[in-house]
Protein chains: 2
Amino acid sequence: MQKAKLTTINDVAARAGVSYQTVSRVINQHPSVSKQALERVQEAIQALKYQPSNAARHLAKQQSAMIGVISYGTLHYGPAQTLASLEREAHELSYTLSNVNVTDLSFAQISAAIQTLRRQRVDGLIIFAPLIDIEHTDLESICADLPVVFTATEPQPKRAVTAIDQFTGARLGAQHLLQLGHQHIALLNGPLDWYDALLRQQGWLSALQRAGITPAADLESDWTAAGGYQQISALLESGTPFTGLLVANDQMALGALRALHQHNYKLPEDVSIVGFDDIPESAFLEPPLTTIHQDFAALAHQSLLQLKACMEHPNLKQHLRVLIPELIIRSSTTTPKQPFRGKK
Amino acid sequence: MQKAKLTTINDVAARAGVSYQTVSRVINQHPSVSKQALERVQEAIQALKYQPSNAARHLAKQQSAMIGVISYGTLHYGPAQTLASLEREAHELSYTLSNVNVTDLSFAQISAAIQTLRRQRVDGLIIFAPLIDIEHTDLESICADLPVVFTATEPQPKRAVTAIDQFTGARLGAQHLLQLGHQHIALLNGPLDWYDALLRQQGWLSALQRAGITPAADLESDWTAAGGYQQISALLESGTPFTGLLVANDQMALGALRALHQHNYKLPEDVSIVGFDDIPESAFLEPPLTTIHQDFAALAHQSLLQLKACMEHPNLKQHLRVLIPELIIRSSTTTPKQPFRGKK
DNA sequence: CGGTAATATGTGATCGTTCACATATTGTCA
DNA sequence: TGACAATATGTGAACGATCACATATTACCG
């Protein structure tokens, strides 16, 4: 093994001819260090390629400069973007991010993830996973007095939450279709154990109800293009009439487009589609996709800011921070050709 | 602040009525612990919600159970997938991953990233970024005796490298087009400061040269659909004749498809397109995209295995591990209608 | 020149673990 | 029953940094 024993603060002190405490002062930029000592210590650090050990520092300081993240579904666009932004933002605040990705939303996995992060003595925690089934009391017992920010999850009483308003997003999409004159509007949603999906369903329903319109169809799929393709193919073959379609992410919308093309539908004349997320490819689909833009970088930024507030003022009451998504109109939506149409 | 002082091994020992060392033995599953002591310690751990401090453990053990990753461009599909897989794999080997994402490939950033990870005393390092301009001697000086695995980078003498064979991948794509009878084949590549892009260019060129065919065009873009759209639009407007197009990732291919549709090209009759990566959406594009499949999960798996080997046998000479990508034929490629065609 | 403050440096204890070693207890067999 | 091994437990030092405090040096002002 490489038992080469890494250089320590003492090695540097010895070489510079000062005490270890002086070296510590140089590292931490304490003002009371003479110019001579400073130079000699810096020279020694360079020469010995000294790097202070975070572990030792954390132990002594009783804080880790680490932020824990519990993430879910990071292979999907939204979570992946958020996580990447989170990492960048954290680095700018000179925090290190420690990410644990859970593969399901069971209490067992969530609690194991929290334990892992508590061992690392993270200074704060961002839970970036839908937690529909978790009891608040259970969470309280594991998180203890760790500062936590939730996102993508249902409102937690007394807990800090930063989220993009999915309800409003879906409503914007549905309203756009309604304003164009669509009367038969279907929803292709993601899995309902994602809280985001639940909220989008509610927003869509709310818009339709307010307009006095009955939903044409309410489908659930798995966020993938394949799933979207499958569901819309089935819907078309079932003969259910619809002219407007709200899809809960752009990948499924892509699959839906394919299904519609295969069934010789003309787009957007025959069916208008609104996606969700505004992935970079959306503007280049056939036809370019009208969609609900979500600012994941802003979500990351805000949740980190909120976590910082939690860490600095642990007793401050935290409120809900909400980001509003934006409707991006492209050419996949238009006025319906006929007020009503069935199977082609 | 929450100066509540977390519970330590001593608190557990006191409650269980044993010495701290016995508690340590329980934590580390040492065999020589009596059944009674074991039970009492476990009870105390439960009751006090004790979690051992990783920082203290690492300090004492002189190893961190952390693996550092230096990543680049994680907002793109390939890197994002690899990173996510890496995290999952590392967790399975009960390592923690510490990721630093660099925003450019300057020596300054790479070396800062390595310093950050050295401070964390990572046990090993996976450099998952193209390092075309970095001198080997510079790297040697920073990495010192840290076990390192490179990937997505040019072969390093004496260093461990795991990579997907991009040269072969591009050649497979080009050969497919050649076998269909295409004579005018263009390449739409990613930025050439990615080593992957460079290798794909070489593989494509090599296949064409072997067939005695001159390249129709050699374009460089930025991996995005927007970039691909722009470049292919320009190519079409320039009137350069081509019937086959190899694109270095599927997002750019998506943009290229859009450009071709807009110019009223019939696909695949007028132009055959081969993508790269096989993103989940590829099968649902218009038309479904023939592409080169890359197994990013396997890449992550292999590089971690190799790193483990490096860590366990530091003096073992490491070789180059290569994964071979696979051609997935869908309907975006067919025989050329005419042996030659210019601007439409 | 004495006194007080500001600056510069050093010493011992501490953070929460593990390791090496010492010691106490139990078991097994001649 | 005595001897020796195996099992079980405890003690002090170490890991590499920071903190609180003590001390030495320099600076300034009346």
Side-chain angles (χ1 to χ4, degrees), chain A residues 1-42 44-45 48-66 96 118-123, chain B residues 1-42 44-45 48-66 96 118-123:
Chain A
M1 300 292 162
Q2 11 97 267
K3 275 286 148 208
K5 238 188 162 187
L6 292 170
T7 61
T8 76
I9 204 172
N10 289 302
D11 302 328
V12 175
R15 188 180 217 269
V18 296
S19 79
Y20 55 83
Q21 183 57 25
T22 304
V23 177
S24 174
R25 288 194 180 98
V26 171
I27 297 168
N28 295 292
Q29 311 188 49
H30 188 99
S32 295
V33 177
S34 71
K35 206 177 167 190
Q36 303 168 28
L38 184 80
E39 277 168 8
R40 290 172 65 190
V41 169
Q42 282 175 335
I45 288 176
L48 300 174
K49 287 176 196 161
Y50 166 72
Q51 294 283 4
S53 153
N54 273 347
R57 173 174 264 169
H58 298 164
L59 189 57
K61 288 228 276 208
Q62 291 291 75
Q63 57 159 346
S64 64
M66 275 196 192
T96 298
R118 291 197 62 132
R119 287 201 178 161
Q120 308 210 45
R121 297 289 189 267
V122 292
D123 294 335
Chain B
M1 299 292 164
Q2 10 95 268
K3 274 288 150 211
K5 239 187 163 188
L6 292 171
T7 61
T8 76
I9 206 172
N10 289 301
D11 303 327
V12 176
R15 188 179 216 269
V18 296
S19 79
Y20 54 83
Q21 183 57 29
T22 304
V23 178
S24 174
R25 288 195 180 97
V26 171
I27 297 169
N28 295 291
Q29 309 187 52
H30 188 98
S32 296
V33 177
S34 72
K35 208 179 167 191
Q36 303 166 28
L38 184 80
E39 277 167 9
R40 290 170 64 190
V41 168
Q42 283 176 334
I45 287 176
L48 300 174
K49 286 176 195 160
Y50 167 72
Q51 294 284 5
S53 153
N54 273 346
R57 171 173 266 166
H58 298 164
L59 188 58
K61 289 228 276 208
Q62 292 290 75
Q63 57 160 340
S64 65
M66 275 194 191
T96 298
R118 291 197 62 133
R119 286 199 178 163
Q120 308 211 44
R121 298 288 189 266
V122 292
D123 294 335

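All values below come from the heavy atoms of this structure, side chains included, with hydrogens, waters and symmetry mates left out. So that the names make sense, note that chain A is the first sequence line, chain B the second, and so on, each numbered from 1.
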Task: Length of the CD-P vector between A:Gln21 and D:dC19, whole Å - done: 9 Å
Open item on the list: In whole Å, I'd like the distance from the CZ atom of A:Arg118 to the C1' atom of C:dG16.
Closed with: 16 Å
TODO: Send over the distance from B:Asn10 CG to C:dC15 P, rounded to a whole Å.
DONE: 9 Å
Could you run down the sub-3.5 Å N/O contacts of the protein with nucleotides 3-5 of chain C?
none

Task: Where A:Ala13 and A:Ser19 come nearest, the two heavy atoms and their spacing - done: CB-C, 3.7 Å
Task: Residue pair A:Ile27 / A:Pro52: nearest heavy atoms and the distance that separates them - done: CG2-CG, 4.3 Å
Task: Interatomic distance, B:Leu59 CG vs C:dT14 P [rounded to whole Å] - done: 17 Å
Open item on the list: Could you check whether any side-chain heavy atom of A:Arg57 comes within less than 4.5 Å of a side-chain heavy atom of A:Asn28, counting everything from C-beta outward?
Closed with: yes
Task: Contact summary for B:Tyr20 and B:Ile9, nearest pair of heavy atoms - done: O-CD1, 3.7 Å
Task: Short side-chain N/O contact to C:dC19 OP1/OP2 from B:Tyr20, under 4.0 Å - done: no
TODO: Rounded to the nearest angstrom, tell me the gap between atom CG in B:Asn54 and atom P in D:dG16.
DONE: 17 Å
TODO: Give a yes/no on whether any side-chain N or O of A:Ser19 is located under 4.0 angstrom from OP1 or OP2 of C:dG10.
DONE: yes
Open item on the list: Side-chain N or O of B:Gln63 versus OP1/OP2 of C:dT18: is the shortest distance under 4.0 Å?
Closed with: no
Open item on the list: Below 4.0 angstrom, which residues in residues 24-38 of chain A have at least one non-hydrogen atom near DNA chain C?
Closed with: A:Arg25, A:Pro31, A:Ser32, A:Val33, A:Ser34, A:Ala37
Task: d(NE2, A:His58; P, D:dT18) in whole Å - done: 10 Å
Open item on the list: Which nucleotide wins on minimum distance to the side chain of A:Thr22, given the candidates C:dG10, C:dC19, D:dT9?
Closed with: C:dG10
TODO: Would you mind reporting whether A:Val12 and A:Thr7 have side-chain heavy atoms less than 4.5 Å apart?
DONE: no
TODO: Check the distance between D:dA17's C1' and B:Arg119's CZ and give it to me in whole angstrom.
DONE: 13 Å
Open item on the list: Give me the atom names and distance for the closest heavy-atom approach of A:Asp123 to A:Ala65.
Closed with: OD2-N, 2.8 Å
Task: Heavy-atom check, side chain of B:Gln120 versus side chain of A:Met66, under 4.5 Å - done: yes
- [ ] Would you check if B:Gln51 and A:Arg121 make a side-chain contact, meaning some heavy-atom pair closer than 4.5 Å?
- [x] yes
Task: Rounded interatomic separation in angstrom, taking CD1 from B:Ile9 and C1' from D:dC15 - done: 15 Å
TODO: Write down the atom of A:Ser64, the atom of A:Val122, and the distance for their closest heavy-atom approach.
DONE: OG-CA, 3.6 Å
